[in-house]
Amino acid sequence: MSLEIELDLLRDKFRELVTSNEKISDEVINIIIQRKRSLEVDFHDILMFDKSLADLVVERPKLVLPEADKVVREIVEEKDPETAKALKRFYFRVRGSPLSVSLRKLRSEYIGRLIKIEGIVTRQTPPKHFLYKALYRCTQCGYEIELLQELERHVEPPAKCPRCGASKSFTLVTELSQYIDWQKVIVQERPEDLPPGQLPRSVEVVLLDDLVDTVKPGDIISLTGVVDLTLSELKKGRPPIVTSYIQGVHVDTMNKELVEEITKEDEQKILEISRRPDVRELIIRSIAPSIYGYEEVKEAVACLLFGGNEIVYPDGVRVRGDINILLIGDPGTAKSQLLKFVAKIAPRAVYTTGKGSSAAGLTAAVVRDKLTGEFYLEAGALVLADKGVAVIDEIDKMDAKDRVALHEAMEQNTVSISKAGIVATLNARAAVLAAANPAFGRYLPNRTVAENIDLPVSLLSRFDLIFVIRDEPREEFDSAVAGHILDLHSGKTPEAFRDVLRPDFLRKYIMYARRYVRPILSEEAKERIKAFYLEMRKRYQGPGTAIAITARQLEALIRLTTAEAKMRLSPIAAAEDAERAIRLYLAFLKSVGID
Ligand code: ADP
Ligand code: MG
């Protein structure tokens, strides 16, 4: 059978699929109404319709999908010729593939096949234009030739004019050529999928036409696409090694909060634990039990993990629910160790240092790819940690550029950038847990916090809580820490590890609380917070005080109160929650030397 006939049969099959499946035919009507050009079809529906057609879609997508695209156009044409005429291209976009591949396992066997990957978008080029139908005109005789181009391949005008015989006489007629919008994004393994201690892998993805600008850096996506090769790399005198990329067929942006499934059994156990009268102590105890002491810091960290409520006021103004915490401390006081623990236990976390490992640093940057010279918008740690925790060690060592951008990121929870033709605002709704070493090597108690740490006061005020951890010899504490560490090294279970929650369970508990519990303030809680705030305003006013008490601190108190209530899965933040939040706040003031 010739290929022509086979393609005819193929189109008939697709037509039958679309018309016989009610869901898909409804979707056709839908795209006509909304003037969309993509018919989204679940792979599962193709499989249920015809196994061999589904196999072809997976094994030969480059051959099969263009035929399906034609069918979509035909069907739209029959139903509404006007829409069909107005819109140039239609697509049959398959959602999902039985080949669900982890970015780590993307190998030669998938070349040319339809696969599904999941990951986080880290980079994005501005939209460009793919010259897919080039019109060349002979400058000698005016003869015109139209040539279809392929992605990632070199473009060459015909060498010789077939009519007048002139050589190298063809030039591109840009206004009569045809283009498709094009954009390249880099998709990286999700932070939560990364094997411990491994660097994330990534892949280039080309998005065409109506898929352009449907995702942005920081988005977590599920992508169905065809693995293809960058053939432009195959040049004379070069080894035959090529890079693969994925041509996007369908993109879904995923909900960032659904990191992991919580089973019915998990839920039962979570609710059971939440009813324990000492549930908060239990949780605080379970935060880095290998670190001795620091109960207040651990309680603050627990609050950060549970978080407050994000509020959108009736006038559209949004107030963050994320709690930001800064630890300033002498070297060797287990700051880094605590940060590592949080990075491991938070449902979504990105661990980085102030210096950062990528060009994008903490916020975002426009970077130039070394190999291709292309400009990209690249997401930094806070954008990648959107809806999670950004853990930043040695924040005092960050770049000047990040210092400025961090102000916006920590209060408005967005990162704006405008550079090299790229203008964007990215989401950075992350709680920040940062650690810093003192500027003079040791924390000097007779200086203010701002002097001790090389950070501007405006940035410090973005932290809800700041703790100073000083390493002074204190006999009792030192002896307890020594005993604790020696126990850990002698195979004995220290006291601190008895009756604690296992890290993976604690993680589920936090996830559950963040997803389902949204406490509201009770009248009593409101009164306590208000009284405390007014008292502080009175006491710490005017210049000379290290920490300015403003309405921002009032919001911090509300967040902490809410987090305390979330910890016990309570829909109401009661007076006891407010009291704990106030206690924590006083501990912070005391630790930075205000009391
Ligand atoms: P920092 O980042 O504050 O300079 P690290 O987190 O690197 O310090 O800690 C140094 C070491 O000291 C770690 O191995 C840590 O386990 C140990 N350590 C310090 N304080 C404590 C403590 N209170 N309990 C247990 N271990 C501690
Ligand atoms: Mg450290």
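Quick note: residue numbers are just sequence positions, from 1.
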Side-chain contact, heavy-atom cut-off 4.5 Å: [X] with [Y]?
{"X": "Asn309", "Y": "Pro519", "answer": "yes"}
{"X": "Phe306", "Y": "Ile323", "answer": "no"}
{"X": "Leu569", "Y": "Tyr516", "answer": "no"}
{"X": "Leu465", "Y": "Leu560", "answer": "yes"}
{"X": "Val215", "Y": "Leu207", "answer": "yes"}
{"X": "Ile270", "Y": "Ile262", "answer": "yes"}
{"X": "Phe532", "Y": "Leu586", "answer": "yes"}
{"X": "Arg403", "Y": "Leu406", "answer": "no"}

So Glu378 and Thr122, side-chain hydrogen bond (donor to acceptor under 3.5 Å, both in side chains) or not? Walk me through it. CA-CA 6 Å; Glu378 180 167 329; Thr122 56; over 6 Å; no

Point-to-point distance, once rounded to the nearest 0.5 Å, from [atom1] of [X] to [atom2] of [Y]:
{"X": "Met398", "Y": "Leu459", "atom1": "CE", "atom2": "CG", "result": "5.0 Å"}
{"X": "Arg348", "Y": "Ile220", "atom1": "CZ", "atom2": "CD1", "result": "3.5 Å"}
{"X": "Phe467", "Y": "Glu296", "atom1": "CZ", "atom2": "CD", "result": "6.5 Å"}
{"X": "Asp330", "Y": "Arg442", "atom1": "CG", "atom2": "CZ", "result": "4.5 Å"}
{"X": "Leu554", "Y": "Leu534", "atom1": "CG", "atom2": "CG", "result": "8.5 Å"}
{"X": "Asp252", "Y": "Ser222", "atom1": "CG", "atom2": "OG", "result": "5.5 Å"}

Under the criterion side-chain contact (heavy atoms from CB on, under 4.5 Å), I'd like the reasoning laid out for Ile558 against Val319: C-alpha separation, chi angles, the key distance, then a yes or no. CA-CA 11 Å; Ile558 297 170; Val319 177; over 6 Å; no

Would you name the heavy atoms of [X] and [Y] that are closest together and state the gap between them?
{"X": "Met567", "Y": "Ala302", "result": "CE-CB, 3.8 Å"}
{"X": "Ser461", "Y": "Gln553", "result": "O-NE2, 4.0 Å"}
{"X": "Asp464", "Y": "Phe588", "result": "O-CE2, 3.9 Å"}
{"X": "Ala436", "Y": "Lys335", "result": "O-CE, 3.7 Å"}
{"X": "Ile417", "Y": "Ala365", "result": "CD1-CA, 3.5 Å"}
{"X": "Leu103", "Y": "Ser202", "result": "CD1-CA, 4.3 Å"}

Of Val500, Leu305, Ile345, which meets side-chain contact (heavy atoms from CB on, under 4.5 Å) against Ile287? Leu305

With side-chain contact (heavy atoms from CB on, under 4.5 Å) as the test, pick out the partner of Arg123 among Val367, Val187, Leu377. Val367

Verdict with supporting geometry, Leu557 and Met536, side-chain contact (heavy atoms from CB on, under 4.5 Å): CA-CA 12 Å; Leu557 279 166; Met536 281 201 307; 4.3 Å; yes

Is a donor on one side and an acceptor on the other found under 3.5 Å between the side chain of [X] and the backbone of [Y]?
{"X": "Asn452", "Y": "Pro438", "result": "no"}
{"X": "Arg285", "Y": "Glu295", "result": "no"}
{"X": "Asp386", "Y": "Val383", "result": "no"}
{"X": "Lys566", "Y": "Gly307", "result": "yes"}
{"X": "Ser591", "Y": "Val468", "result": "yes"}
{"X": "Ser522", "Y": "Ala573", "result": "yes"}
{"X": "Lys216", "Y": "Leu426", "result": "no"}
{"X": "Thr562", "Y": "Gly308", "result": "no"}
{"X": "Lys298", "Y": "Ile291", "result": "yes"}
{"X": "Arg429", "Y": "Gly321", "result": "no"}

Is [Y] paired with [X] through a side-chain N to carboxylate O contact shorter than 4.0 Å?
{"X": "Glu555", "Y": "Arg552", "result": "no"}
{"X": "Asp499", "Y": "Arg276", "result": "yes"}
{"X": "Asp322", "Y": "Arg320", "result": "no"}
{"X": "Glu523", "Y": "Lys526", "result": "yes"}
{"X": "Arg95", "Y": "Asp42", "result": "yes"}

Could you walk me through whether Leu384 and Thr352 satisfy the side-chain contact (heavy atoms from CB on, under 4.5 Å) test, starting with their C-alpha distance in whole Å, then the side-chain angles of each, then the deciding distance to 0.1 Å, before giving a yes or no? CA-CA 11 Å; Leu384 296 181; Thr352 182; over 6 Å; no

Is it the case that over 12 heavy atoms from other parts of the model lie below 6.0 angstrom from the NZ atom of Lys530? no

Under the criterion side chain to side chain donor-acceptor pair (under 3.5 Å), which of Arg502, Arg507, Lys508 is the partner of Asp504? Arg502

Contacts of type side-chain hydrogen bond (donor to acceptor under 3.5 Å, both in side chains), residue Gln183, not counting sequence neighbours: Asp213

Checking Ser336 against Asp393 for the side-chain hydrogen bond (donor to acceptor under 3.5 Å, both in side chains) test, could you report, in this order, the C-alpha distance in whole Å, the side-chain angles of both residues, the deciding distance, and whether it holds? CA-CA 7 Å; Ser336 297; Asp393 206 353; 2.7 Å; yes

Residues pairing under salt bridge (charged side-chain N to carboxylate O under 4.0 Å, His left out) where one sits in residues 569-578, two or more places apart or in two chains, turn out to be Arg280-Glu576, Arg280-Asp577, Arg568-Glu576, Arg568-Asp577

Go through it in stages, so that I can follow the logic: the residues are Glu299 and Glu564, the test is side-chain contact (heavy atoms from CB on, under 4.5 Å), and I'd like the CA-CA distance, side-chain angles, deciding distance and then a yes or no. CA-CA 9 Å; Glu299 179 161 356; Glu564 291 279 2; 2.6 Å; yes

Decide if the gap between the ring center of Tyr512 and the ring center of Tyr509 is smaller than 6.0 angstrom. no

